[in-house]
Amino acid sequence: MKALVLAGGSGTRLRPFSYSMPKQLIPIVNTPVLEYVLRNILDLGVTEIGVVVGDRAHEIRQVLGDGSRFGACRLTYLQQEAPLGLAHTVTIARDFLGDDDFVMYLGDNMLPEGITGIAEEFAAHRPAAHVVVHKVPDPRAFGVAELGPGGEVLGLVEKPRQPSGDLALIGVYFFTAAIHEAVRAIQPSSRGELEITDAIQWLVSSGADVRAGQYEGYWKDTGDVEDVLECNRHILESLRPAMEGDVDEASVLTGPVVVEAGAHIVRSRIEGPVVIGAGTVVEDSHIGPHTSIGRDCAVTASRLEYSIALDGASVTGVQGLRSSVIGRSARVGTVGQSTDRYRLVVGDHTRVEVAA
């Protein structure tokens with residue numbers, strides 16, 4: 001089996017961050033989403049991975065490299081010149097995939113419990129396609145699979161006004177080589193894209209065996225700031241404490257806290273779960289809970305909770321930051337007397353001064 005990871009989307013819902021980084025590289029607990037994706041795939045024993053990239057290919061290559069740091073992984077980068085749909089990525093990956101079975105995985109989806117169980121279902125039955133579904137409170141915003149009593153897919157409905165069920169398609173699909181004929185047979189949708197749901201529906205209508213596997217664990221499409229913060233909170237809940245940096249005697253740490261090498265905690269309170277990245281200095285501050293601070297940040301005389309600060313960010317003299325995401329090398333500070341509650345979504349390389 002091979003894998004096809006889709007990392008070419010523009011991420012309009014994640015602006016301003018997606019203006020300056022691929023959305024698939026947004027960090028969750030200081031690790032890019034795309035790394036979680038690769039590790040889930042490697043857990044299946046799949047080592048040949050094609051990564052579909054768009055106009056941010058250079059940045060993704062810089063982070064992932066050739067895949068060797070992940071072990072036996074071998075990455076092949078496949079350029080998609082324009083966002084022409086998920087099924088279009090199967091077309092441009094045709095030579096890489098050959099006639100092998102493959103898993104297609106959207107590069108901004110978090111499934112921290114992994115997909116080994118569903119992969120085993122696919123291997124046992126080996127249908128033409130095996131979609132992954134998850135119960136959602138409002139299926140009208142998703143593609144919905146209509147299932148028969150044995151888990152067979154009877155049809156797919158995209159964003160139905162009156163859903164027949166609550167099982168939404170999420171960003172993982174397993175295919176045999178039968179999908180290539182389906183992709184060739186379909187036409188672009190009204191938005192000008194080759195839709196993977198249309199290709200799967202073509203298989204269903206042609207009498208092919210198409211099944212669904214239900215993912216019971218935590219799932220999040222990290223498509224906007226609120227989802228990123230919620231996913232960060234969830235992953236932090238399983239944090240194992242580790243102390244590689246320096247913490248002075250005047251500081252207090254409670255709950256699970258990771259202080260990476262070269263980080264310094266001075267006269268501060270850290271309330272876990274919290275990660276403090278390598279080279280970061282926290283001074284006279286209160287951090288946490290549910291907060292990730294990236295590498296080489298500076299937090300002084302400030303209070304942050306349920307927030308994310310990306311690498312190189314600095315926060316000075318701001319009390320009460322909550323539900324905030326601060327971009328790479330961004331600077332947040334006060335002007336005049338500070339107030340006690342703020343919410344900020346700050347893009348990379350910006351400067352914010354909070355007035356009294």
Side-chain angles (χ1 to χ4, degrees), residues 1-12 49-55 76-109 118 122 125-134 136 139-148 151-165 167-213 221 223:
M1 180 182 284
K2 293 177 180 175
L4 189 63
V5 175
L6 310 190
S10 58
T12 56
I49 303 173
V51 182
V52 177
V53 292
D55 57 2
T76 299
Y77 292 95
L78 305 164
Q79 188 72 42
Q80 187 181 33
E81 298 301 333
L84 298 177
L86 302 188
H88 179 256
T89 67
V90 177
T91 299
I92 65 175
R94 185 67 178 92
D95 290 343
F96 166 76
L97 295 169
D99 290 328
D100 293 322
D101 297 348
F102 67 98
V103 55
M104 186 167 78
Y105 203 131
L106 272 61
D108 57 358
N109 275 232
I118 297 175
F122 170 71
H125 299 283
R126 204 165 171 267
H130 194 97
V131 301
V132 181
V133 295
H134 184 75
V136 296
R140 293 175 299 176
F142 300 90
V144 176
E146 298 179 353
L147 305 183
E152 66 275 19
V153 175
L154 304 178
L156 302 173
V157 182
E158 188 66 30
K159 298 181 180 178
R161 292 184 179 181
Q162 295 182 322
S164 59
L167 293 176
L169 296 172
I170 60 176
V172 180
Y173 310 81
F174 291 86
F175 295 117
T176 67
I179 192 64
H180 299 297
E181 181 182 4
V183 168
R184 288 194 301 268
I186 63 173
Q187 297 296 318
S189 66
S190 58
R191 59 179 185 169
E193 297 186 4
L194 289 175
E195 310 285 357
I196 198 65
T197 50
D198 288 347
I200 298 169
Q201 182 61 57
W202 186 92
L203 288 171
V204 173
S205 300
S206 300
D209 185 17
V210 177
R211 295 176 176 266
D221 170 3

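What you see is a predicted model; the values in this text were computed from it and never measured. Atoms considered below: every heavy atom in the structure, side chains included; atoms not considered: hydrogens, waters and symmetry mates.
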Under a 4.5 Å cut-off applied to non-hydrogen side-chain atoms, are F142 and L169 in contact? no
With the side chain counted from C-beta on, respond yes when L147 and V153 share a heavy-atom pair under 4.5 Å apart, and no when they do not. yes
Identify, with sequence neighbours excluded, every residue that meets side-chain hydrogen bond (donor to acceptor under 3.5 Å, both in side chains) alongside D101. R126
One should read off an interatomic distance between F122 CZ and F102 CZ, to the nearest 0.5 angstrom, of 9.0 Å
Run the salt-bridge test on K2 and D99 with the 4.0 Å N-O cut-off and return the result as yes or no. no
OH on Y77 to CZ on F96, rounded to 0.5 Å: 12.0 Å
Start with the C-alpha distance between Q201 and S205, add both sets of side-chain angles, then the distance that settles side chain to side chain donor-acceptor pair (under 3.5 Å), and finish with yes or no. CA-CA 6 Å; Q201 182 61 57; S205 300; 3.2 Å; yes
Here's a test for you: under side chain to side chain contact (heavy atoms under 4.5 Å, CB included), which of L156, L154, L203 qualifies with V210? L203
Keeping T89 on the side-chain end and L86 on the backbone end, is there a donor-acceptor pair under 3.5 Å? yes
Distance-only donor-acceptor hits, side chain of residues 175-187, under 3.5 Å, sequence neighbours excluded:
{"from": "T176", "atom 1": "OG1", "to": "A128", "atom 2": "O", "distance (Å)": "3.4"}
{"from": "T176", "atom 1": "OG1", "to": "A178", "atom 2": "N", "distance (Å)": "3.3"}

Paired with H88, the side-chain hydrogen bond (donor to acceptor under 3.5 Å, both in side chains) test is passed by just one of Q80, E193, E81, namely Q80
With a 3.5 Å distance limit and no angle check, can you tell me whether E146 reaches the backbone of G155 through a side-chain donor-acceptor pair? no
Backbone N or O of M1 within a donor-acceptor pair of the D100 side chain at under 3.5 Å? no
When you compare the side chain of V172 with that of L106, does any pair of heavy atoms fall below 4.5 Å? no
Answer whether the closest heavy-atom distance between the side chains of D221 and D108 falls below 4.5 Å. yes
